[in-house]
Amino acid sequence: MLEFILMIIMVGSAILALIQKDLLKAAILTGFSAGAIAFLFQLLLAPDVALTQAIVGAVIVPVFIALAVKKTQRSDG
Amino acid sequence: MAYVHITILFTAALLIIIGLYSAIFIDNIIKKIIGISFIEEGVNLFIVALGYAPDGVVPIIMPGMDPAWFAANAAYPLPFGLVLTSIVIGASTLAVMLALVMVLYRRYGTLSTKVMLADTSKQEEYNE
Amino acid sequence: MNELIPLMVIVPLMAGLLISAFSKFNKATKIFAFVVAICLPIIPLASNYGLHYFGGYEPIMDNVTNVMFHPAITYSFTFLQQIFIGMIGILTFLVVFIYLTKYKEVSGPYLFLLFLGTAAVTAMLLTDDIFHMFVFFEILALAQVGIVAASSIDYSYEMALKYMILGSIGSPIMLLGIGFLLALTGSVNVTDIAYAVHNGLVNITSPVFLLSLGLIFFGWLYASGLPPFHTIKSGIYSKAEPHGAALLQSFTVISMISIVLIMFRIYSVLPIFEVLVVFFSILAMILGVSLALTQTDFRRMIGFLAVGELGFIGLGIGLGTPYAITAGLFQALNEIIITALLFIGFGAIVNATNEVDTRKLGGLLAYHPKVSIMLLIGGLAMAGVPPLSGFQSKLMLVQASLSCGYPEISILAIMVSIATFVVFVKTFYTMFLRPKPNDLEVEGKDVPRAMVFAMGILLIIIVLLGIFPDIVIKGISTFVGGIL
Amino acid sequence: MKLYDQIFNVVKQFRKLFSPGPVTNADVSGSITAEIFLIVSLVLSAILLRHVSVLLAGLVALILAVVLISNIPLIPKFKIEQEDSLEKMLFYAVVTLCIIAVFLYWGGNLV
């Protein structure tokens, strides 16, 4: 059951990130999506990949995007 | 658990399709880059799902495990190794793209792809 | 076990890292880069042919199925790898030499990118492991973007970003194809996969296998700049510094042939593979040359011509006979040299006049006679005029397509050669022969000596290969006999 | 007279190709060469279909020739589709990917 919830979170937050007007929210939602994938990797018996994905995908990439948003503009318009 | 396996493949396909959709239809460059990075994540998910063994164990051999039982039940670790590399490459590519976007924003003052990455061959030819 | 084989990748990689780290010491960096650049062509020439297993894991024989499989990443080094790596080494040496003499203060990161690209293409040529090739393919894409973005030409950042965005679609799609192959065979070693495919262990009519061909093929299109990626490829050539562009096109050619050879070894059982390759090659030839005819920016024009010439290589591979593949690989070798000569030569003209529009140039023959004569010979070699090297490979290709029973392709290849000739004559006339426009200032600006030196060396290789093609063709045809 | 006028119009329309800046002799002759080269080479590569079916090859070559010749000048239209904007590049890349995937999945075994 947990897998299905994770998949719904993943796809849902991916779609939400793309329809968001506020780019900072989009960055945070990307992190949610990557975090859900990291959990899914753990359930798929790949703990090493899950650790990497949790650090890179759920923390570093959203921080990069948030930095880029801070240096440019926040609203999509 | 077989249902889970198939659903994961469908989810990966859905992520790839979201990425391809955003490549064509989204105008904001940062969102476009976010969308394209979903292609990479979908592919990673697909490759990890290849190595998955239903009701298996993590492919790390612990003291006291029977090697024959381990070989029969452990997940296949080769795809996991591939995905590790792929994740890091994806993140570095994304970082370079965002850095280029930051530089270009200073020149154009907008994030719209139509303005920022339009056809430039005409302007530059006869300006100098 | 041959210890020199991994050094071909490790030396440029480590040298690049060291240069990037210690770029404060300008003089030492210059000397070090020069020494490493000299070493690059020497290592492959000094090395013996053979295989290298990383970690020393030799192939294992499976007793149950009697199948040999390779647990380690394998590097195989034969004549083909030797000649191509040697050529890349010479080209890198010339480019680094031009760069070092052009600027007083060298930039460490830029040299790092040049060496990184060389290491990446060397690894792509050597490797027998499809995922290893993918990793270096991504590294190569990053290096190419860096080389383009580092140039001081207008709109180079835009072009680099466009290339990266297209690449972040192309490369994951290729990885997906590799994943499909992995799902079918459980291995990423090309020899193992090819064994499984050719011995019926994989159902070759299954849609998964066909789809894996399509996805890897799409990645190949991105890597080699065939349509629909011809605009971006010619764009990044025109936005890089001239010596950078000379190296970039060689990266493209090498990544193209290394991926297509791997694809050929796996998918040659499927007839559709050859149809796909021939289709896209013909498209590239037509689009590349017809767009080159209408350009006014001569760097862009050479970029489109380079894409059009790539079609010849694809044609040779797509025809599928040993003779045709030999011709295609020989054409690849010739194209690396000739296009590098053209990029460096036209770069010298940009250097001397600060002008890229052919409509504003003219009468340069009187000012730069050496460069213009060398450019003329290079252009004739690209169009396939005897006795230069382009003629030999194109003649082989025409003969190969005739003997395969496709006279249309021969006619098309000859027509493309003629159109290339027209492009070149037109550009040569507008830039060098017609009267000089009044507002063009050329006095006092000189062509850098290093560029003339590099062009001279490349020209010697072109003439040598044109008169004695057998030194290369024999070795290549032995290699082709091995993979068929 | 009519054909002459048509060709003259073609040359006039080339001016748009080189819009900022003058149009020189060499550029116009290059564009006309490209025009002829494009038509001939596309028709010629249509003849390659004869390995599938001779009748199909003849029909396709005829139709292609008529369509291409009645639509000159082709090069301006052609060049607009292959400019440097990211929109067009991405569109063609994704369309090509879809065509390759669909063609191989359902038609890969037919060849």
Which heavy atom of [X] sits nearest to which heavy atom of [Y], and what is that distance?
{"X": "C:Gly405", "Y": "D:Arg50", "result": "O-NH2, 3.7 Å"}
{"X": "C:Ile286", "Y": "D:Phe37", "result": "O-CE2, 3.8 Å"}
{"X": "D:Ser31", "Y": "C:Thr294", "result": "OG-CG2, 4.0 Å"}
{"X": "C:Lys162", "Y": "D:Asp84", "result": "NZ-O, 2.7 Å"}
{"X": "C:Glu408", "Y": "D:Leu44", "result": "O-CD2, 4.0 Å"}
{"X": "C:Leu293", "Y": "D:Gly30", "result": "CB-O, 3.7 Å"}

Taking D:Asn25, D:Asp27, D:Ile75 one by one, which has the highest count of heavy-atom pairs under 4.5 Å against chain C? D:Asp27

Heavy-atom pairs under 4.5 Å with chain C: which of D:Ser45, D:Ala26, D:Ser29 has the most? D:Ala26

Going by residue number, which parts of residues 95-102 of chain D are within reach of chain C, meaning a heavy-atom gap below 4.5 Å? D:Thr96, D:Leu97, D:Ile100, D:Ala101

For residues 59-68 of chain D, give me every residue with a non-hydrogen atom less than 4.5 Å from any non-hydrogen atom of chain C. none

D:Leu86 side chain reached by C:Leu161 side chain, heavy atoms, under 4.5 Å: no

Examine whether an atom of C:Phe217 lies under 4.5 Å from a heavy atom of chain D, and if so say whether it belongs to the side chain, the backbone or both; otherwise answer neither. side chain

How far does [atom1] of [X] sit from [atom2] of [Y], to the nearest 0.5 angstrom?
{"X": "D:Ser41", "Y": "C:Ile411", "atom1": "OG", "atom2": "CD1", "result": "12.0 Å"}
{"X": "D:Ile47", "Y": "C:Ile409", "atom1": "CD1", "atom2": "CD1", "result": "12.0 Å"}
{"X": "C:Leu210", "Y": "D:Phe103", "atom1": "CG", "atom2": "CZ", "result": "10.0 Å"}
{"X": "D:Met89", "Y": "C:Tyr163", "atom1": "CE", "atom2": "OH", "result": "11.5 Å"}

side-chain contact (heavy atoms from CB on, under 4.5 Å) between D:Phe78 and C:Leu287, intermediate numbers included: CA-CA 9 Å; D:Phe78 216 65; C:Leu287 293 183; 3.2 Å; yes

Just checking C:Phe428: does its CZ atom have more than 12 heavy atoms from other residues, nucleotides or ligands closer to it than 6.0 angstrom? yes

